[in-house]
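I have placed the structure first, in the form of structure tokens, so that the comments after it can refer back to it.
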Amino acid sequence: MLPEEGAEFPKVIKWYEEVCNKKFGAIKFNYLIMMMRDYFVHYHAFPRYDKGVSLFNMEWTDSDWPGAINFKGGIELAEEKLNEIKNYMTE
């Protein structure tokens, strides 16, 4: 990772946490910073919740709370639902 790329990370975290807190009620955040097959670093950000959140005609629960994120399972969302969430974040 180049220094100028790393310098943007605190700005991205601040924006992401503010949006997830305001829009979704997240109370904590977990981050994974990884390098896989490619030679660049990428980030995974996980908002965490201590109770269910009802949005987009769905009930979202953090079943791993308060423990570490479990990457097994999960749900797969249709492209339309992902766009609905994306648009909600940028309103």
Side-chain angles (χ1 to χ4, degrees):
M1 173 177 9
L2 298 173
E4 56 270 19
E5 294 168 333
E8 291 180 354
F9 190 58
K11 295 175 189 173
V12 172
I13 288 175
K14 183 178 186 308
W15 170 84
Y16 178 77
E17 289 184 3
E18 286 174 356
V19 168
C20 288
N21 182 274
K22 177 181 173 187
K23 299 277 190 169
F24 305 116
I27 60 170
K28 292 197 180 259
F29 300 87
N30 292 161
Y31 295 92
L32 284 175
I33 301 172
M34 305 174 79
M35 182 182 285
M36 306 294 274
R37 292 181 184 177
D38 297 316
Y39 293 100
F40 60 86
V41 174
H42 68 274
Y43 304 88
H44 297 268
F46 302 93
R48 303 299 307 273
Y49 307 87
D50 62 346
K51 57 186 169 221
V53 177
S54 294
L55 281 171
F56 314 109
N57 299 319
M58 297 178 72
E59 182 70 21
W60 306 82
T61 58
D62 186 347
S63 58
D64 297 322
W65 179 266
I69 293 281
N70 180 343
F71 293 97
K72 296 180 181 178
I75 60 172
E76 192 170 320
L77 298 175
E79 192 70 30
E80 295 80 22
K81 185 63 72 176
L82 293 172
N83 284 329
E84 184 181 355
I85 295 167
K86 177 181 155 188
N87 292 335
Y88 180 72
M89 286 189 70
T90 57
E91 291 176 344

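The structure displayed is predicted, hence computed values, not measured ones. Side chains are part of it too, since the values below use all heavy atoms of this structure and drop only hydrogens, waters and symmetry mates.
- Shown here for Tyr31 and Ala45, the closest heavy-atom pair between the two residues is CE2-CB, 3.6 Å.
- By the side-chain hydrogen bond (donor to acceptor under 3.5 Å, both in side chains) test, Glu59 is found to be paired with Ser54, residues two or more places apart in sequence or in another chain being considered.
- To the nearest 0.5 Å, atom CE of residue Met58 and atom CD of residue Glu84 are 10.0 Å apart.
- Linking Ile, Leu, Val, Met, Phe, Trp and Tyr whenever their side-chain heavy atoms come within less than 4.5 Å leaves Met34 and Val12 in two separate clusters.
- Using a 4.5 Å heavy-atom cutoff, the side chains of Phe24 and Met89 are in contact.
- Checking side-chain atoms of Lys81 against main-chain N and O of Phe56 turns up a donor-acceptor pair under 3.5 Å.
- Using a distance-only test at 3.5 Å, with no hydrogens or angles considered, no donor-acceptor pair links the side chain of Tyr88 to the main chain of Leu55.
- Between Lys51 and Trp65, every side-chain heavy-atom pair lies at or beyond the 4.5 Å cut-off.
- Taking hydrophobic clusters as Ile, Leu, Val, Met, Phe, Trp and Tyr residues chained together by side-chain heavy-atom distances below 4.5 Å, Val53 shares a cluster with Leu82.
- Screening Tyr16, Phe29, Phe9 against Tyr43 for a ring pair (Phe, Tyr, Trp, His ring centres under 6.0 Å) leaves a single residue, Phe9.
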- With side-chain contact (heavy atoms from CB on, under 4.5 Å) as the test, would you mind laying out the steps for Asp64 and Asp62 before giving the verdict? CA-CA 5 Å; Asp64 297 322; Asp62 186 347; 3.9 Å; yes
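- Shown here is Asn57, whose CG atom has no more than 12 heavy atoms of other residues, nucleotides or ligands within 6.0 Å.
- No side-chain heavy atom of Ile69 sits under 4.5 Å from any side-chain heavy atom of Leu32.
- No side-chain donor-acceptor contact under 3.5 Å links Arg48 to the backbone of Ala68.
- At least one donor-acceptor pair closer than 3.5 Å links the side chain of Asn87 to the backbone N or O of Asn83.
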- Message: Test salt bridge (charged side-chain N to carboxylate O under 4.0 Å, His left out) on Lys14 and Glu18; report intermediate values, then the result.
- Response: CA-CA 6 Å; Lys14 183 178 186 308; Glu18 286 174 356; 2.6 Å; yes
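- Ile27 and Trp15 fall into different hydrophobic clusters, defined by Ile, Leu, Val, Met, Phe, Trp and Tyr side-chain heavy atoms under 4.5 Å apart, directly or through other members.
- The backbone N or O of Phe46 lies less than 3.5 Å from no partner atom in the side chain of Asn30, so there is not a single donor-acceptor pair.
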